[in-house]
Amino acid sequence: MKIGVFVCHCGSNIAGTVDVVQVAEAAKSMPEVAFAKDTMYACSEPGQQGIIDAIKEMGLDGAVVASCTPRMHGSTFMRTVARAGLNPYMFEMANIREHVSWIGKDKVANTRKAIDLVRMAVAKLAQNKPLYSQSFSINKRVMIIGGGVAGIQAALDCADGGLQVVLVEKTTTIGGKMAKLDKTFPTVDCSSCILGPRMVDVAQHPNITLHASAEVDEVFGYVGNYQVEVRKKATYVNWKTCTGCGACMEKCPSKKSKDPFNELIGTTTAINIPFPQAIPKRASIDRDSCIKFKTGKCGICAKVCPTKAIDYDQQDEMITEEVGAIIAATGFDLMDWHVYGQYGAGRYPDVITSLQYERMLSASGPTGGHIKRPSDKKEPKTIVFIQCVGSRDKSVGRPYCTGFCCMYTAKQAILTKDHIPDSESYVFYMDIRAPGKMYDEFTRRAMEEYGAKYIRGRVSMVYPQDGKMIVRGVDTLAGAQVEVEADLVVLAVGAEGAAGSAQLAEKLRISYDSYGFFMEGHPKLKPVETNTAGVYLAGCAQGPKDIPSSVAQGSAAAAKVLSLFSKDQLQSDPQVSKVDLKRCVGCMKCAITCPFGAIKETEVRGEIKAQVIETICQGCGICTSTCRQGAIQLQNFTDNQILAEVNALLSSETEEA
Amino acid sequence: MSLQDELKAQIVKRLPELDVVIGWGQGYDSLHRTPLFITSEADVDKLVFDPLCVHNLSTYLTRYGSAKRIGVVVKGCDSRSVVELLQEKLIHRDKVMVFGLPCEGVADLGKVKRALAAKDLDMGRVRAASFADGDLVVTVSGQEIRLPMAEVQADKCGRCRYHNAVIHDEFAGQPITEAAPDTYADVAAFEEQTLEERMEFWREQMERCVRCYACRNACPLCVCRDYCIGQSREPNWVSQRDGLEEKFFFQMIHATHLAGRCTECGECERACPVDIPLLLLKRKLGKEILELFDYRAGTDPDAKPPLLNFKVQEDTINERGW
Amino acid sequence: MDALFLADDKLSAWLGELAAARRVLVPVREREAVVFRPYAAGVTPVLDRQANVPPKASVFPASEALMSFRYTKNPENLGQVAVEVHETIDAPPTVVFGGRPCDARGFLVFDRVYDTPKIQDTAYKKRRENTLFVTLACDDPQNTCFCNSIGSSPYDATGSDVLLTPVSGGYLVECASERGKELVESKLLSDGNALREEAKTVHASALSALGPAWNPSPAKAKLIEKFEDMGFWEDVSAKCISCGACTYLCPTCYCFNVTDERTGMKGERIRTWDTCMSYLFTLEASGHNPRPTKAHRLKNRVGHKFSYYPEIHGGPIACCGCGRCISLCPVSVDIREIVRLSIERPTAKPENK
Amino acid sequence: MDKELRIVGFLCNWCSYGGADTAGVGRFVQPTDLRIIRMPCSGRIDPLFVLKTLIGGADGVLVSGCHPRDCHYAEGNYYARRRLEVLKRFLPIIGIDPGRFEYTWVSASEGQRWQHVVTSFTNQIHALGPVQRIGRQSLAKACSLGTVLEPLA
């Protein structure tokens, strides 16, 4: 075999701490290496052309590129090798950047390590075999999980693109967090006025099937052919007949039910439609507060319902949706700010979250758009906004910036002045983060036009005194302690991945971080992809972002799906398991451990043998390490390929000696 | 009726349903029994059962095509291999007829050899052997030597929980009620040595290995047989070199491939022509698997073996924080 | 030539003398196994019983490098690779001490294959030339011994260079070859002529302890006759577990495999023992196997030893009667019984197809 | 730190290999002893790879996969956890310090954790020193029997 080795400088990224010339020189003495060279940027156009030229001129059978992580440019170079006429799997990468040059300062040790990694890659490549993809057809339906603004945007774009869309929403209405907002920054336009029509579009779009009050239970399958088990949670109202007339709500005697839509600052009826613009506009019963469910007596709603839609015996319904791609747009929730004991940990009614304040500002909210402090329903005159509650705070395990709080706090300060002209707003902030079109101008308006008093510093404590909330903090610019007697304190609470996002990630087999945000495929180059083919991300599920960014990502995810579905057939990853029939004893232990059901029993000349269904196999290799006789080998990660790497590494010691 | 006669009668009765019944017969000398393949009633007369019937005959079960109906005579320990094979679907219940026995323990010919060597006698020259009053009585070089069974019994019998065949279609004799605890004291005692001493021990033992693979081929659960990865090039785990690393690594293959499956019948060690104590490696795995998963292989044909199973939250695996 | 005497208490001194100039391999006990190991002061040879492993490896190692090789590249064109080969024969002067006469006789079977006018296996030959055998006549054979039946005896010194016979107080030392003379030039050995008679008694008693000899020679024809009688072979091989204990521990089994083992730019060509009892022995690259079952393979082992080899080499049986294949077989397959049955049992007529 | 030791890492592609990349991107400096072999999943890791590596002379072996519940292939790390735990407990019988082998979970986002894991494990291996090899010390004995090959000078 003739192998070419290309050692990348990556400018000074690698060459700064690895002697790449020496690595290339060392590669020349490695078995099977017929060509070795250092190159400034292997991934650049001339760099790739250099690889192609060398393969053609030297008649190489395979190439090793020693550069960055294969997770970054593995596929780039596989295409390069393919353009040179080789099978793309006749390629290996040695990661001498992320795993060497960027993490070690000792150039001698780094160079030695880089040589070892190249030796291992060369040894593996010598065992590689050409692999060929198979085609399989795809189901051009897409599921979008989460009906917030990102999910709505993705759904509409996909549906407009001609795809059948299944939108799954956990609550009884779509709209998400945006539906709860009164106004949006920096335009201060009415949130429901811009979102409402889009929600209606969803309801009316012939290509969109909406499952509200539904959650994903299980996900099977693979890109192009997913089967998703959706649990439609019982609402105790037959939504096929319910017209959303609201008669039940009017008569429901249980009026003190929790109102999650209004962030628990108001109450609602046990049977309710969360808000007038809800989509679908259907009623549902909150079991926990319904008198019928608690005592068995009542049943008024059933009596008053003109369409006899009430069904107290309704059960959760399981449906299976077959789709080819999935967009996860599950949004965010506020972190549990009760960890802040110094702000009362929820003990003071007049310390509220910004989202609660938002409901208070909303004309359709529980206060009818009048700002009233919860304790005595009086209009507050002095309002203190505390930013970064659960943002940029390592002490509560929230080192990241939620990003949009600076903007909505400014918006709320402006709206406060509009609502109560004689009010005074104080904003405690760490830094103003307002990068965006008209954003910084907006925060300046809050200060300059609306007179909000911005104090740069953190609040050390909040406590009640004589009907006021005393806010004690520091003004770091003035270098002085400050104390404000406030009527109402509003906390800008940081965002985290929506409740249940970790469980959903596990079902989707995508990664998530410790805050419940889903991991994108690459932080820069694959912001909407995940590492699971056919699963995409949109909106705050991937990380905190404002409305325009969420909408943009919703569209981006839709574009990804449309691009995926633009083909009728997909190419399967040929890195699948393969059975050596001679070695297989038919014990089927591989099938027991296969998480995908990709191995079935077959009979060959009267003997039971394992057979891999290539389009279902995901290439994990659990079967390979389960099979004792080495009969089922994951292609491109065969025992011999891995052993070649181990042996090359362990023998390098003796060779040098 | 003696146990042996009862067994013979059972085999005679069931033989018409079967292609062959595997039992024990007289070997080349009075101390050796040898596997006996019974296909006719005349063969049944050659059947023997006594504490010299050391072989685990279940090792033959996977060597017949699936069309044959095989009878096999098993002691308690041997029967666990049958259970394991059934559990792994390597044999089928309707193709195997199990003649179960109660067993008070078998002799360890290595111990017999040592006991005789201590008296300057060679086991290879024993002219006659019989059992009387719990002793193995042998005639060698003109002397009659009484060896108490307690002294020459196989170690596995001293810690046996399963004296009676755990699975059977026919059972001869009376079940034995007592069962000894197994505390894995042998493993613990070995591990009192330093790590260096332990490796030196294996170094010395493996030096003698001739790579005959009797350990593997005697093992009822080594079902890869002709396609063992210890000898293949595709995959190529072990080179043809016969250094200690290669020899020892083969034992690593054997041991890890038996993890959670090994019933500790000890055939690997018994079969070894150069007396390498191979069971110790498997006992160690058996001990850890028992502690981790509360699992003993070969006791439940319907169990899901621990290494083909998992719990999302493991009760006993204390994952190490960093 | 005169017989000499070695007193028991001078044994280790003699071994010390021998070991000064050569590698001396002696049987030692490791657990319940007796194996050949290099002699060093303090090592106690086990001389009262047969070793589990015969000293076959002294001349025919379980694994040996026939040559080493190294690839070198043309610096001008790395794709051009040259290979440099070095013969690597390791043949230190060796004395194998304390084996049985049958152990040494085993190499006579090798010689007819590896050292012939037509074929000279250089590695084998060099080691054979450099290795001398001081064997010990059996005074009390084991149950599995049958040297008398293959035309030999417990004191047959053919193939040995020095034969020791246990006598009272020590050993009678007799030179059995020209080459043996250099070994007995020791002041530790005294005149032993007076003990010749005692030694003869020892020999006679050992021979009689073996019981009556049986004649395997009819097997030569009978085994050919039974070549197609697979029912016979299936019957006699039923208990065989296809391990290699019988062949690897046989002093006369000489089959090998050759593989190149390469690490990086260098490697060795290795010859290792192989066993015809293994499925892999005859497995062809196509996947076809002419000896697919253990019946085929056991037929080969017995047939080769008692029929094909004698046919090719003019008579001698490829067996030295040591009995290790019986005593060390995990399931007590008895080659004596198979040979006898091949003679006694009528051959099944091949079915008309 | 003293002379580099031979440490081999088997990392799953999706989480830990990515975590090691993240550590690189974050320039989290680590000891240089480790050589990483990329595996598709920790479930692909046959315990025999670890044994082969240790018996073959590596001073330490580190396996890292996705956190339980977080496997890209749903279940691979659950199987790995059982297999590797059994392996770790097995090592003492053959005279290999169980501290020479560790398995852990590092996600693709945990660059700093990866730095910590590599640093701690490398320190642990340096504290244990070079591994004893079953093949090495016996060379003299085996050579005298003519069974072990003299490497070409």
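Side chains are part of it too, since the values below use all heavy atoms of this structure and drop only hydrogens, waters and symmetry mates. Sequence lines set the chain letters: A, B, ... in the order given, protein chains first and strands last, and positions in each chain run from 1. Given the structure is predicted, the values throughout are model-derived calculations rather than measurements.
Using a 4.5 Å cut-off between heavy atoms, A/Q633 touches chain B through its side chain atoms alone. Heavy atoms closer than 4.5 Å to chain A are found in both the backbone and the side chain of B/I229. For a residue to count as touching a neighbouring chain, one of its non-hydrogen atoms must lie under 4.5 Å from one of that chain's; by this rule B/R233 touches chain A with the backbone only. Proximity to chain B is absent for every atom of A/T638, based on heavy atoms less than 4.5 angstrom apart.
Between B/Y162 and B/T263 the shortest side-chain heavy-atom distance does not fall below 4.5 Å.
A donor atom on one side chain and an acceptor atom on the other are not found under 3.5 Å apart for B/D78 and B/S58.
Across A/I622, A/I608, A/T626, A/L643, the residue that shares the most heavy-atom pairs under 4.5 angstrom with chain B is A/L643. With respect to chain B, the highest number of heavy-atom pairs below 4.5 Å among A/Q629, A/R583, A/Q641 belongs to A/R583.
No salt bridge links B/E264 with B/K156; every basic N to acidic carboxylate O contact stays at or beyond 4.0 Å. We find that B/E288 and B/K284 are joined by a salt bridge, their nearest charged nitrogen and carboxylate oxygen being less than 4.0 Å apart.
The two residues A/P574 and A/Q635 come nearest to each other via the heavy atoms O-CB, 3.8 Å.
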